[in-house]
Q: 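Structure provided below as structure tokens; questions to follow.
Residue indices begin at 1 and follow the sequence shown. Just the heavy atoms: all of them, side chains too, but no hydrogens, waters or symmetry mates, feed the values below.
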Amino acid sequence: METPISLSVPADAGYVHVVRSVTAGVAARLAIGFDDVDDLRIAVTEACTRLLALGTAGRRLVIELAPADDGLSIAIEIDAEIATWPFEGSRETLAWRVISGLVDEAHEELRDGRPTIVLTKRTISPDPR
């Protein structure tokens with residue numbers, strides 16, 4: 001297992017490319033296939049966009065990447081406190097369908113009052129032969 005990585009960027013769409021690049025770099029070091037790394041970049045972009053669209057007074061996006069032997073877990077949160085998250089019907093949106101379709105697991109949660117999206121992408125299974 002590798003050391004977790006934490007990244008904090010301004011809550012601005014102009015910094016999402018930094019989050020994408022760091023995510024892709026970490027994922028590429030694991031046994032995650034090339035196409036899956038690309039899928040992960042898209043899912044991270046959609047998750048960041050979803051959080052930025054909240055229109056709250058958040059000033060930072062905080063991304064925690066937790067590499068493991070079996071994959072990569074990514075938690076993306078915005079530092080704005082809101083009372084209810086996820087919103088009712090949020091799983092029926094196109095953005096959520098894109099996110100959940102590109103990763104192995106995805107869920108939304110409140111972490112200390114901050115909206116967070118957690119994504120998991122598993123590594124390529126070794127050939128059983």
Side-chain angles (χ1 to χ4, degrees):
M1 172 148 31
E2 296 190 28
T3 305
I5 297 155
S6 183
L7 173 68
S8 176
V9 298
D12 182 278
Y15 291 91
V16 172
H17 74 281
V18 174
V19 176
R20 283 173 50 105
S21 295
V22 170
T23 300
V26 172
R29 293 188 59 207
L30 302 171
I32 294 176
F34 179 76
D35 289 338
D36 288 338
V37 170
D38 225 22
D39 288 350
L40 195 52
R41 289 168 46 130
I42 295 167
V44 165
T45 300
E46 288 294 328
C48 288
T49 301
R50 190 172 175 86
L51 292 171
L52 291 171
L54 292 175
T56 61
R59 294 178 299 184
R60 311 285 306 161
L61 278 175
V62 178
I63 298 84
E64 295 176 2
L65 298 109
D69 292 335
D70 63 345
L72 178 62
S73 178
I74 303 166
I76 306 165
E77 71 179 39
I78 193 163
D79 69 347
E81 292 191 21
I82 61 174
T84 305
W85 176 261
F87 300 120
E88 187 171 330
S90 69
R91 290 183 164 266
E92 283 77 43
T93 64
L94 177 60
W96 186 254
R97 290 176 195 262
V98 168
I99 291 168
S100 59
L102 293 171
V103 296
D104 295 307
E105 295 176 27
H107 69 274
E108 298 167 306
E109 62 185 46
L110 276 176
R111 286 190 179 178
D112 298 322
R114 294 182 300 273
T116 304
I117 298 175
V118 180
L119 312 172
T120 301
K121 191 68 164 175
R122 291 191 187 82
T123 54
I124 297 170
S125 299
D127 189 356
R129 288 185 262 156

Q: Atom CG in L52, atom CG in L61: separation rounded to 0.5 Å?
A: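 If I round to the nearest 0.5 Å, the distance is 5.0 Å.
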Q: Can you list everything that forms a salt bridge (Lys or Arg N to Asp or Glu O under 4.0 Å) with R114? Sequence neighbours excluded, please.
A: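 In terms of salt bridge (Lys or Arg N to Asp or Glu O under 4.0 Å), with neighbours along the sequence ignored, R114 is linked to E77, D112.
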Q: Is a side-chain donor-acceptor pair under 3.5 Å present for S90 with E108?
A: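 Note: E108 and S90 side chains meet the donor-acceptor criterion.
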Q: Taking it one step at a time, do I74 and I63 satisfy side chain to side chain contact (heavy atoms under 4.5 Å, CB included)?
A: CA-CA 7 Å; I74 303 166; I63 298 84; 3.9 Å; yes
Q: Mark yes or no for whether D79, through its side chain, and R59, through its backbone, hold a donor-acceptor pair below 3.5 Å.
A: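 Looks like yes, one N/O pair under 3.5 Å.
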Q: Take L65 and V22 through the side chain to side chain contact (heavy atoms under 4.5 Å, CB included) test and state the conclusion after the steps.
A: CA-CA 9 Å; L65 298 109; V22 170; 4.1 Å; yes
Q: Can you list the steps and then say if C48 with I76 is a side chain to side chain contact (heavy atoms under 4.5 Å, CB included)?
A: CA-CA 7 Å; C48 288; I76 306 165; 4.1 Å; yes
Q: Without placing hydrogens or testing angles, list every side-chain donor-acceptor pair under 3.5 Å for residues 8-15, not counting sequence neighbours.
A:
residue	atom	partner	partner atom	Å
S8	OG	R60	NE	3.0
S8	OG	R60	NH2	3.3
D12	OD1	G14	N	2.7

Q: Going through the distances and angles, do L72 and I32 end up as a side chain to side chain contact (heavy atoms under 4.5 Å, CB included)?
A: CA-CA 9 Å; L72 178 62; I32 294 176; 4.1 Å; yes
Q: Over all heavy atoms of both residues, which pair between S6 and V62 is shortest? Give the atoms and the distance, please.
A: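 Looks like OG-CG1, 4.3 Å.
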Q: For the residue pair A106 and L119, what are the closest heavy atoms and their distance?
A: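 Shortest heavy-atom contact: CB-CD2, 3.9 Å.
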Q: Would you call L54 and I78 a side-chain contact if the rule is heavy atoms closer than 4.5 Å?
A: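 Of all side-chain heavy-atom pairs linking I78 with L54, at least one is under 4.5 Å.
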Q: According to ring-ring contact (aromatic ring centres under 6.0 Å, His included), who are the partners of W85, at least two apart in sequence or on a separate chain?
A: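 For W85, the residues satisfying ring-ring contact (aromatic ring centres under 6.0 Å, His included) (neighbours in sequence not counted) are F87.
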Q: May I ask you to list the residues sharing a hydrophobic cluster with F34, side-chain cutoff 4.5 Å, ordered by chain and number?
A: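 None, because no other hydrophobic side chain comes under 4.5 Å of this residue.
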Q: Of the non-hydrogen atoms in V26 and P67, which two are nearest, and what is the gap between them?
A: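 Residues V26 and P67, closest heavy atoms: CG1-CG, 3.9 Å.
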Q: How is the hydrophobic cluster of L102 composed, in terms of its other members, when Ile, Leu, Val, Met, Phe, Trp and Tyr link through side-chain heavy atoms under 4.5 Å apart, directly or indirectly?
A: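 Cluster partners of L102: I42, L94, V98.
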Q: Which residue pairs pass the salt bridge (charged side-chain N to carboxylate O under 4.0 Å, His left out) test with at least one member in residues 90-102, sequence neighbours excluded?
A: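 Every candidate salt bridge (charged side-chain N to carboxylate O under 4.0 Å, His left out) pair involving residues 90-102 fails, so no pair, neighbours aside, qualifies.
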Q: Mind listing the closest non-hydrogen atom pair of A27 and L40 along with its distance?
A: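 Scanning both residues, the minimum pair turns out to be CB-CD2, 3.8 Å.
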Q: Kindly write out the residues that satisfy side-chain contact (heavy atoms from CB on, under 4.5 Å) with A53, not counting sequence neighbours, or none if the list is empty.
A: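 Here no residue qualifies.
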Q: Can you list the residues that meet the salt bridge (Lys or Arg N to Asp or Glu O under 4.0 Å) rule with E46, with sequence neighbours excluded?
A: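 So E46 forms no salt bridge (Lys or Arg N to Asp or Glu O under 4.0 Å) with any residue.
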Q: By side chain to side chain donor-acceptor pair (under 3.5 Å), which residues pair with S100, not counting sequence neighbours?
A: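 S100 satisfies side chain to side chain donor-acceptor pair (under 3.5 Å) with no residue once adjacent residues are dropped.
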Q: Do you know the tightest heavy-atom contact between I82 and P115?
A: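 So the two residues come closest at CD1-CG, 3.8 Å.
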Q: Of all heavy-atom pairs between I117 and A47, which one has the smallest distance, and what is that distance?
A: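 Closest heavy-atom pair between I117 and A47: CD1-O, 3.7 Å.
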Q: For R111, give me all partners under salt bridge (Lys or Arg N to Asp or Glu O under 4.0 Å), at least two apart in sequence or on another chain.
A: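 With sequence neighbours excluded, R111 shows a salt bridge (Lys or Arg N to Asp or Glu O under 4.0 Å) to E64, E109, given in chain and number order.
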Q: According to a 4.5 Å side-chain heavy-atom criterion applied to Ile, Leu, Val, Met, Phe, Trp and Tyr, with indirect links allowed, do V118 and L7 form part of one hydrophobic cluster?
A: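 Unlinked, V118 and L7 end up in two clusters.
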Q: Tell me every residue that passes salt bridge (Lys or Arg N to Asp or Glu O under 4.0 Å) with D36, counting only those two or more places apart in sequence or in another chain.
A: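 Once residues adjacent in sequence are excluded, the partners of D36 under the salt bridge (Lys or Arg N to Asp or Glu O under 4.0 Å) criterion are K121.
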Q: Just grab all the side-chain hydrogen bond (donor to acceptor under 3.5 Å, both in side chains) pairs involving residues 18-29, residues at least two apart or on different chains.
A: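 Passing the test, one end in residues 18-29: E2-R29, R20-T45.
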